[in-house]
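Below, chain A is the first sequence line, B the second, and so on; all start at residue 1. Side chains included, hydrogens not; waters and symmetry mates left out as well; all remaining heavy atoms used. Owing to the predicted nature of the structure, the values given are computational and were not obtained by experimental measurement.
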2 protein chains.
Amino acid sequence: MRISEASSKSGLSADTIRFYEKTGLVPAIARGPDGLRRFSPENVEWLTLLYWLRKTGMPMQEMQHFALLYRQGAQTLPQRRAVLLEHEKRLRRRRDDLDRCADVLAVKLAAYDRIEGDQP
Amino acid sequence: MRISEASSKSGLSADTIRFYEKTGLVPAIARGPDGLRRFSPENVEWLTLLYWLRKTGMPMQEMQHFALLYRQGAQTLPQRRAVLLEHEKRLRRRRDDLDRCADVLAVKLAAYDRIEGDQP
DNA sequence: ACTTGACCTGGAGTTGCTCCAGGCTCCTAA
DNA sequence: TTAGGAGCCTGGAGCAACTCCAGGTCAAGT
């Protein structure tokens with residue numbers, strides 16, 4: 001498939017996909033005889049994973065490392081597992097941040113209520 | 001108090017606080033006779049709120065708007081409430097993203113298990 | 001033959017910080 | 001009293017991670 005389909009399936013914009021390819025986050029994508037990129041289902045699966053990792057705050061440096069492991073094949077599975085487990089921890093921390101922010105907002109909104117209530 | 005204390009209490013770095021002041025996100029901070037910034041408790045409360053809003057993904061444009069309302073005083077409380085309620089929705093969306101990513105990771109990790117299990 | 005649409009490349013622009021050079025002022029300690 | 005250090009100042013450069021754009025190619029439809 002071509003880049004627009006890969007984009008809508010993975011969630012990444014076409015620009016971002018090209019950018020990721022340039023920076024080595026994505027293995028060089030095969031080209032058709034017309035010179036256009038042709039994405040395999042495996043390519044799209046990889047892009048989709050990157051989409052979720054980025055969206056939930058994995059820095060590009062860490063993704064670069066993960067991409068390197070990916071390119072090195074099956075014997076790096078244990079290391080890749082470690083990266084994903086580490087990211088699970090980050091997800092938990094982020095969720096805690098969201099919860100704490102929700103608390104802060106609740107307090108603020110309650111204060112707004114009191115102030116507005118004071119105004120007759 | 002001075003900037004380092006405001007920084008440790010709010011969570012924002014001193015650089016970020018100065019940057020926020022420059023861009024109008026924070027009202028101009030009073031200066032002591034030495035020319036250094038002196039933060040009031042109200043300043044710090046505002047900075048702390050900004051810290052949480054930014055950390056959980058409110059874009060600066062929206063914070064600018066919120067800051068403008070804040071500077072306009074108590075009669076903008078209803079609009080400020082609306083901004084915070086909108087942000088609560090964003091928190092929920094972000095949480096959904098985290099959960100979906102957790103699912104993706106779980107699937108990936110299970111796949112890794114299967115592949116590694118295959119290797120005798 | 002010509003237009004349309006999807007794609008290409010290289011490079012500039014944007015957001016939201018972060019770091020740094022070079023220079024104040026105040027405090028402490030020799 | 002003077003030397004050093006800590007903490008702060010400003011203006012500006014640098015960075016991450018995109019995003020947008022100009023200018024061009026190619027394939028297919030009318």
Please report, rounded to the nearest Å, how far the [atom2] atom of [N] is from the [atom1] atom of [X].
| X | N | atom1 | atom2 | value |
| --- | --- | --- | --- | --- |
| B:Phe19 | C:dC19 | CZ | P | 14 Å |
| B:Met60 | C:dT14 | CE | C1' | 12 Å |
| B:Lys55 | C:dG16 | NZ | C1' | 16 Å |

Between A:Phe39 and A:Leu36, is there a shared hydrophobic cluster once you connect ILVMFWY residues whose side-chain heavy atoms come closer than 4.5 Å?
no
Is the NZ or CZ atom of B:Arg80 both under 6.0 Å from the centre of the six-membered ring of B:Tyr70 and within 45° of that ring's axis?
no
Restricting to side-chain contact (heavy atoms from CB on, under 4.5 Å), what partner residues turn up for [X], sequence neighbours left out?
| X | result |
| --- | --- |
| A:Arg100 | B:Trp52 |
| A:Gln61 | none |
| A:Lys89 | A:Glu86, A:Arg92, A:Arg93 |

N/O donor-acceptor pair under 3.5 Å between B:Arg54 side chain and B:Met58 backbone
yes
Test: salt bridge (charged side-chain N to carboxylate O under 4.0 Å, His left out). Region: residues 101-112 of chain B. Which pairs qualify, not counting sequence neighbours?
A:Glu45-B:Lys108
Need to verify one output field. Residue with the more 5' nearest nucleotide on DNA chain C, B:Asp34 or B:Leu25?
B:Leu25
Are any protein N/O atoms closer than 3.5 Å to N/O atoms in nucleotides 5-9 of chain C? If there are, list each pair with its distance.
unit_1	atom_1	unit_2	atom_2	d
C:dC7	OP1	A:Ser4	N	3.3
C:dC7	OP1	A:Ser4	OG	2.9
C:dC7	OP2	A:Ser4	OG	3.4
C:dC8	OP1	A:Arg37	N	3.1
C:dC8	OP1	A:Arg37	NH1	2.7
C:dC8	OP2	A:Arg18	NH1	2.5
C:dC8	OP2	A:Arg37	NH1	3.3
C:dC8	O5'	A:Arg37	NH1	3.4
C:dT9	OP1	A:Arg31	NH2	3.0
C:dT9	OP2	A:Arg37	NH1	3.3
C:dT9	OP2	A:Arg37	NH2	2.9

Can you tell me if B:Ser4 and B:Ser7 form a side-chain donor-acceptor pair at under 3.5 Å?
no
Outermost contacting nts on DNA chain D, any atom under 4.0 Å from chain B heavy atoms, listed 5' then 3', are D:dC8 to D:dT10
